[in-house]
Amino acid sequence: LQRTLRDAQDPRRPVLGSWMMLPGAALARMTAQMGYDFVLVDCEHGNIDDGAMHAAVGAVAAEGASPVVRIPGPDNVYVKRALDSGAHGILCPSMSTAEEARKLVSFAKFPAPKKAVPTTEGGTETPSRHEGQRLSGTRGVGSPIAPAVFRQTLREYIRTANQNTLIAVQIETLEGLENCEDIARVDGIDMLFIGPNDLASAMGYPALEHESIPEVQAAVQRVLDAAKNAGKYAGMFCTASDQVRRRFEQGFDLMNLGGDIVALMEWNAVQLEALNDI
Ligand code: 3PY
C-alpha cells in the first residue's frame, strides 16, 4: 500500500493520507508506518512549529511516505521553510485568485537556468538538461536538509525539485470559489484541495454541516470540475472512510482519512461511551 505522492498515480485507488496536528517525530513515524501515501503536517491550525515541522517531515519521509506541509498562508517565508525542510509538497490554505496562485508557484520553484555553463570536458551544459526547466520561480538555493530528505545531492535536488514537489491550494473562500477555474489553470498549481468546513462557513452555513447542504455540494462539484478540466488533481478533506469512498467515486484523487486528533477523540469517545452503564 505504501507509496509516495510521486508514484501514487494509480487511478484505481485514491491517494490516502493522515492529517497531523500534534507535534512529534514518533507520532509522524507511526502514522507513516500505517501505510499512508502521505502525512499532512498542519502548520496552519495544528500545534506544529518550525522545529516540529522539520522533525515530522524527516520522520515521514524516512518511512517511505510523502510529507506534505500545510503552510499558514501564501507567504514566501512559509513556502521556503516548508520546502527547505524536505516536504514533498505544500498545501496553501484560502487561495483566492490566480495572481496569488502564480506568486505561490514562484516562491516554490527555483529559477530555471537559461544560460549554458562550461563543463570539465571542455563543452557546455545546456539548460535543457535541467529537469526543472519548464517551471521557474524565485526560490532561494541553500538548504542541505531537503536534499538529504530526498536522498539526493544538492545538485540533483536543485535540478529536480521544481518537478518533484507538489503544490496544492485550498479552495475554501467565496473569492477562491469564484476564481477556482482560473486558479486551476495556473501553471505549477498541481491540485485544488477543498476545505469543506471553511467553504461552508464562507457560504453562510454552519461549518460542520457541509455534507448535508446542497449549495455547498454544488460548489464542491464546481471545484472538482475546475481541477479536472485543467488537467489537475483534486483533493478533499475527509474525516472517515465512507467519505473517502464517496469522494473517490465522485472523482477526487487525494483524500486524508481523518488524522491524529480525529483518531484520539473518536476512539476515546467510543470507549468511554461503552462504559457508560457501569
Ligand atoms: C476545512 O475543512 O475547511 C479545512 O481546511 C480542513 O482543515
Side-chain angles (χ1 to χ4, degrees), residues 14-23 27-28 31 36-48 52-53 56 67-75 78-79 82 87 89-97 100-101 104 166-180 183-184 189-224 226-227 233-244 246-248 250 252-266:
V15 179
L16 274 184
S18 184
W19 206 271
M20 183 176 166
M21 301 190 81
L22 299 172
L27 175 61
T31 306
Y36 287 111
D37 302 310
F38 72 97
V39 175
L40 191 294
V41 180
D42 189 355
C43 299
E44 185 199 17
H45 289 305
N47 176 20
I48 299 181
M53 174 188 72
V68 179
V69 172
R70 176 157 77 167
I71 57 178
D75 188 295
Y78 295 139
V79 173
I90 55 167
L91 174 63
C92 182
S94 302
M95 185 49 58
S96 292
T97 66
E100 198 176 32
L104 184 79
L166 176 121
I167 304 183
V169 294
Q170 283 193 264
I171 302 298
E172 50 185 358
T173 63
L174 289 185
E175 203 183 358
L177 180 62
E178 216 29 62
N179 293 321
C180 68
I183 293 171
I189 295 294
D190 299 301
M191 180 186 302
L192 300 187
F193 185 97
I194 298 178
N197 296 290
D198 281 321
L199 186 59
S201 283
M203 295 175 76
Y205 296 105
L208 301 182
E209 309 311 322
H210 57 84
E211 288 265 311
S212 61
I213 300 167
E215 194 189 347
V216 177
Q217 293 315 307
V220 166
Q221 185 65 46
R222 175 175 171 183
V223 177
L224 173 62
Y233 296 114
M236 180 68 164
F237 181 84
C238 295
T239 50
S241 54
D242 60 325
Q243 279 177 3
V244 168
R246 256 186 299 117
R247 295 306 183 186
F248 179 57
Q250 189 180 359
F252 283 91
D253 307 288
L254 174 145
M255 268 80 51
N256 66 299
L257 177 53
D260 52 8
I261 300 277
V262 174
L264 187 73
M265 304 293 279
E266 287 196 359

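Note that ligands are numbered from 1 as they come in the structure, with each ligand's atoms numbered from 1 the same way. This structure is a prediction, so every number in the text was calculated from the model and none was measured.
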Practice task
Please work out whether any backbone atom (N, CA, C, O) or any side-chain heavy atom from C-beta onward of H45 is under 4.0 Å from ligand 1, and answer side chain, backbone, both or neither.
Solution key: neither
Exercise for the section: Say whether R70 and ligand 1 are in contact under the criterion: heavy-atom distance to a ligand atom below 4.0 Å. Expected result: yes
Exercise for the section: Name the closest protein heavy atom to atom 2 (O) of ligand 1, giving the residue it belongs to and the distance to 0.1 Å. Expected result: N197 ND2, 2.7 Å
Problem - Proximal atoms of ligand 1 relative to D198 (non-hydrogen, under 4.0 Å) - result: 1 (C), 3 (O), 5 (O)
Completion exercise
The residue among S94, S96, S201 that forms side-chain hydrogen bond (donor to acceptor under 3.5 Å, both in side chains) with E172 is S94
Exercise for the section: Can you spot which of I48, L27, I261 makes a side-chain contact (heavy atoms from CB on, under 4.5 Å) with M21? Expected result: I261
Problem - Main-chain N/O of I167 paired with D190 side-chain donor or acceptor, under 3.5 Å - result: yes
Problem - N or O pair under 3.5 Å between F237 and ligand 1 - result: no
Handout entry: Heavy-atom neighbours of Q221 CD exceed 12 at 6.0 Å
Key = yes
Practice task
Can you spot which of L177, L192, L104 makes a side-chain contact (heavy atoms from CB on, under 4.5 Å) with I183?
Solution key: L192
